[in-house]
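For reference, the structure discussed in these notes is given below.
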Amino acid sequence: MEKSAWRKRLKARRRALSPSQRQRIARALPTRFAQQARAGKARRVGLFWPMPDEIDPRPLLQALVQRGVACYLPALPLHGRRLWFTRCDARSRWYHNRYQIPECRHPDRRRAEKLDLLLLPLVGVDRQGYRLGMGGGFYDATLASLRGRRAAGPWLVGLAYACQQVEALPVDSWDIRLDALLTEQGWQRFPAR
Ligand SMILES: Nc1nc2c(c(=O)[nH]1)N(C=O)[C@@H](CNc1ccc(C(=O)N[C@@H](CCC(=O)O)C(=O)O)cc1)CN2
Ligand SMILES: Nc1ncnc2c1ncn2[C@@H]1O[C@H](COP(=O)(O)OP(=O)(O)OP(=O)(O)O)[C@@H](O)[C@H]1O
């Protein structure tokens, strides 16, 4: 099956969750997140503002900011696909990007390489940690510089509903593999290559 067919199937799965299920899962994320020692130690964490049907990281964002962790949200670049990550705190100025996703402005804007941990949105993920996104190629392009020297970059953690994981997805040469996955069922670590 092609990536486009997988996207359709997996988007339908996450769309089927009820509002009360979504809310329960979102509220439990701060506790779930803290159950992994490496996550608890991260000082600079990249998250995302949810698009419709995606898992909602906002309760986690709020909990981390309160705990003094520096949190960052993706911002689309003017040209190309390499995302910026902008600090999210009381000083941030909010606006909507061209996909109507909220983004913020802040003097502290950095590249993914300069985060300790990056939570990635996804449409699907497989047993090996290969990720299927919305098809924009943004995260793949953002993380391409880390290919082969992953020790230098952030810990790459997919954040998704458990129903988004499947046995195996089609893989292209540019696809990045996740280090771990966090779902409502807990943490899963993928073996290093
Ligand atoms: N929450 C969140 N933020 C994110 C991403 C994401 O997947 N989730 N991205 C990850 O790359 C980037 C934005 N990527 C996007 C890629 C494609 C479309 C897109 O095709 N939108 C269509 C509707 C898609 C649909 O409903 O199927 C559109 O606007 O017409 C939107 C955003 C950066 N921020
Ligand atoms: N490192 C890269 N070099 C060249 N092209 C790339 C790179 N990364 C992604 N692309 C391009 O991005 C397009 C979309 O890729 P893909 O379908 O794998 O995106 P995705 O992982 O689903 O999206 P996203 O990362 O935004 O969530 C591909 O057609 C490819 O041309």
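Treat the numbers as computed from the prediction; the structure is a model and nothing was measured. Counting starts at 1 for both ligands and their atoms, in listed order.
Hydrophobic clustering (ILVMFWY, side-chain heavy atoms < 4.5 Å, transitive): Met51 and Ile25 are in one cluster. A continuous path of Ile, Leu, Val, Met, Phe, Trp and Tyr side chains, each step under 4.5 Å between heavy atoms, connects Trp94 with Phe48, placing both in one hydrophobic cluster.
For atom 19 (O) of ligand 2, the nearest protein heavy atom (residue, atom name, distance) is Gly137 N, 3.4 Å. For atom 14 (C) of ligand 2, the closest heavy atom belonging to the protein is Gly135 O, 3.3 Å. What sits closest to atom 3 (N) of ligand 1 on the protein, heavy atoms only, is Ile101 CD1, 3.8 Å. The nearest heavy-atom contact from the protein to atom 3 (N) of ligand 2 is Trp174 CB, 4.5 Å. For atom 6 (C) of ligand 1, the closest heavy atom belonging to the protein is Pro121 CG, 3.4 Å. For atom 9 (N) of ligand 1, the closest heavy atom belonging to the protein is Tyr139 CE1, 3.8 Å. Here the protein heavy atom with the shortest distance to atom 17 (O) of ligand 2 is Arg7 NH2, 2.9 Å. Scanning all protein heavy atoms for the shortest distance to atom 19 (C) of ligand 1 gives Tyr99 CE2, 4.0 Å. In terms of protein heavy atoms, atom 5 (N) of ligand 2 is closest to Arg81 NH2, 4.0 Å. Counting only heavy atoms of the protein, atom 21 (O) of ligand 2 lies nearest to Asp140 OD2, 2.8 Å. Scanning the protein for heavy atoms near atom 13 (C) of ligand 1, the closest one is Phe138 CD1, 3.9 Å. In terms of protein heavy-atom proximity, atom 26 (O) of ligand 2 is closest to Phe138 N, 2.7 Å.
Listed by atom number, the atoms of ligand 1 under 4.0 Å from Met51 heavy atoms are 1 (N), 2 (C), 6 (C), 8 (N), 31 (C), 32 (C). In the vicinity of Met134, heavy-atom distances shorter than 4.0 Å reach the ligand 2 atoms 22 (O), 23 (O), 27 (O). Every atom of ligand 2 with a heavy atom of Ala141 under 4.0 Å away is listed here by number and element: 8 (N). The atoms of ligand 2 that sit less than 4.0 Å from any heavy atom of Ala144 are 1 (N). Within ligand 1, counting atoms from 1 as listed, the ones closer than 4.0 Å to a heavy atom of Glu54 are 1 (N), 2 (C), 6 (C), 7 (O), 8 (N). Near Lys11, with a cut-off below 4.0 Å to any heavy atom, the atoms of ligand 1 are 25 (C), 27 (O). Taking every heavy atom of Tyr139 and a limit of under 4.0 angstrom, the matching atoms of ligand 2 come to 24 (P), 25 (O), 26 (O). Those atoms of ligand 2 with a heavy atom of Gly136 less than 4.0 angstrom away are 23 (O), 26 (O). Taking a cut-off of under 4.0 Å to the non-hydrogen atoms of Met134, the atoms of ligand 1 that pass are 7 (O), 16 (C), 17 (C), 24 (C), 25 (C).
Not a single donor-acceptor pair under 3.5 Å links the side chain of Gln165 to the backbone N or O of Gly124. Under the 3.5 Å distance criterion, the side-chain polar atoms of Arg22 are matched with a main-chain donor or acceptor of Asp53. When atom types are taken as modelled, the side chain of Arg127 and the backbone of Phe190 share no donor-acceptor pair closer than 3.5 angstrom.
Note: no N/O pair closer than 3.5 Å links Leu132 and ligand 2 by distance alone. An N or O contact shorter than 3.5 Å links Asp175 to ligand 2 by distance. For the pair Trp49 and ligand 1, the shortest N or O to N or O distance falls below 3.5 Å.
Lys3 and Asp175 are joined by a salt bridge, as a carboxylate oxygen and a charged side-chain nitrogen come within less than 4.0 angstrom of each other. A salt bridge is absent between Asp89 and Arg91; no separation between the charged side-chain nitrogens and carboxylate oxygens falls under 4.0 Å.
For Arg131, the closest heavy-atom approach to ligand 2 falls below 4.0 Å.
Shown here, atom 22 (C) of ligand 1 is out of close reach of the protein: none of its heavy atoms lies under 4.0 Å off.
A cation-pi arrangement is absent between Arg32 and Trp187 under the rule of less than 6.0 angstrom and at most 45 degrees off the ring axis. Taking the centre and axis of the six-membered ring of Tyr95, the NZ or CZ atom of Arg105 falls inside the cone set by 45° and 6.0 Å. Taking the centre and axis of the six-membered ring of Trp84, the NZ or CZ atom of Arg111 falls inside the cone set by 45° and 6.0 Å. For Arg177 and Tyr130, the positive end sits near the middle of the six-membered ring, less than 6.0 Å away and at most 45° from its axis.
With respect to Asp116, the side-chain contact (heavy atoms from CB on, under 4.5 Å) criterion is satisfied by exactly one of Arg44, Arg38, Lys41: Arg44. Checked options Thr142, Asp108, Leu47, Leu73; the residue passing with Phe85 is Thr142 (criterion: side-chain contact (heavy atoms from CB on, under 4.5 Å)).
Checking Glu113 against Ser145 by side-chain atom types alone, a donor-acceptor pair falls below 3.5 Å. Between the side chains of Tyr72 and Arg110, a donor-acceptor pair is found at a separation under 3.5 Å.
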